[in-house]
There are 2 protein chains.
Amino acid sequence: MRGRHRLKHTLREKVGRWTQPRDFILDILDRSREHLSAKDIYDILYSTHPGIGLTTVYRTLELFHRLGIVKKVSSPDGQSRYELSSEEKKAHHHHLICLGCGKIIDYQDFAKEELELVKKTEKVLSQKHNFLIFDHNIEFRGLCEKCRKTLAVE
Amino acid sequence: MRGRHRLKHTLREKVGRWTQPRDFILDILDRSREHLSAKDIYDILYSTHPGIGLTTVYRTLELFHRLGIVKKVSSPDGQSRYELSSEEKKAHHHHLICLGCGKIIDYQDFAKEELELVKKTEKVLSQKHNFLIFDHNIEFRGLCEKCRKTLAVE
DNA sequence: CTGTGTGCAAAGCATTTGCACTATG
DNA sequence: CATAGTGCAAATGCTTTGCACACAG
């Protein structure tokens, strides 16, 4: 909770105007442990504030993304999903993605070993390819428990 | 070259009919060291065989993907990009993705260390979350040389 | 007050689908 | 020849844009 308020404070300074939609969307992102699509957020929002449009959700997510507080992950189902970035959530993690339903699960096992490898790799790659690396992403793809059962026949 | 012919032979058996479009598209994928979007492939194809439609490209890529010989990577620009799968190209690798232009570069450094970590992680995750893991993906995201220069002012 | 942010409707893209036609096996 | 595969045009679904209005600072 304290973290959330600090974040809002920072945002108020970075952003031109702190509006209701921005406030609500930040709260939804902050509360959710899931990775939400723009539509997901719109639907949640719709139940309490039906006046807010899907466009605003997209624009707000885009804004938060530019400010570096939201990460965008493209799901195999064609949508993008959004989450507060690790810095804000204070936990570096990666994803387990279900190819059946698009669901994304976080994991943060082996963070230390991963970090070593990632650092080493980043260093070599950025030199070799003259690339400016901002970020990395590790995913494991497969089927979640539910989809395993559903698709069992095939 | 020999590899390519063996692959075609295998495919002829797995697939119902071995048609011209399928043949051309396989060749384009096999020759290219880039990760091509459906449109890219269509454009290449168009210069020599203007009769073949974009739909067929999508359907063929989807077919190859189902057969496991083509990998699909979603690029931050919203398109999907396709490449022959590692098994066929005989080299396990991962991606360096440019957030500016969507370009994807392969790398295969630290494959051995990566494999260790990946194996260990897969084992733990599949048990913990009851997930059936097919595949993993590691990406580094940033700006390629060209986009670094273009965006330098911002 | 004065723009910045918003909602709505329409436009833009990548991808998929329906259907009549073609060409493989 | 029978039917799997194809091309075209239209449909779909996510995301972006244009424009008049609304409200935060």
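Proteins come first, then strands; the chains are lettered A, B, ... in the order of their sequence lines, and each starts at number 1.
Across all strands shown, S37(B) has no heavy atoms under 4.0 Å from either base or sugar-phosphate atoms.
Contact annotation: Y58(B) side-chain N/O to dT16(C) OP1/OP2 distance is not under 4.0 Å.
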N/O contacts under 3.5 Å, protein versus nucleotides 6-8 of chain D?
residue: dT6(D); atom: OP1; partner: T19(B); partner atom: OG1; Å: 2.8
residue: dG7(D); atom: OP1; partner: G51(B); partner atom: O; Å: 3.2
residue: dG7(D); atom: OP2; partner: G53(B); partner atom: N; Å: 3.2
residue: dG7(D); atom: OP2; partner: T56(B); partner atom: OG1; Å: 2.1
residue: dG7(D); atom: N7; partner: R59(B); partner atom: NH2; Å: 2.8
residue: dG7(D); atom: O6; partner: R59(B); partner atom: NH2; Å: 3.1

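Between K72(B) and H35(B) there is no side-chain heavy-atom pair separated by less than 4.5 Å. F24(A) has its side chain out of reach of I44(A): every pair of non-hydrogen atoms, C-beta onward, lies at least 4.5 Å apart. With a 4.5 Å cut-off on side-chain heavy atoms, R22(A) and L63(A) count as touching. Side-chain contact check for L54(A) versus I41(A): every heavy-atom pair is 4.5 Å or farther apart.
In this structure, of dT24(C), dC14(D), dA24(D), it is dA24(D) that holds the atom nearest to the side chain of R17(A).
Every pair passing side-chain hydrogen bond (donor to acceptor under 3.5 Å, both in side chains) that includes a residue from residues 40-55 of chain B is listed here, sequence neighbours excluded: S37(B)-D40(B), K39(B)-D43(B).
For N137(B), the side-chain hydrogen bond (donor to acceptor under 3.5 Å, both in side chains) partners are E139(A), E139(B), not counting sequence neighbours. Shown here are the side-chain hydrogen bond (donor to acceptor under 3.5 Å, both in side chains) partners of E116(B), two or more places apart in sequence or in another chain: there are none. Under the side-chain hydrogen bond (donor to acceptor under 3.5 Å, both in side chains) criterion, H136(A) pairs with H92(A), H94(A), E114(A), not counting sequence neighbours.
Nucleotide dA14(C) holds its P atom 18 Å from the CD atom of E62(B), rounded to whole Å. The distance from atom NZ of K72(B) to atom P of dA14(C) is 14 Å, rounded to the nearest whole Å.
Taking the screw axis at each terminus of the helix from dC1(C)-dG25(D) to dG25(C)-dC1(D) from five consecutive base pairs, the angle between the two is 30° to within rounding of 10 degrees.
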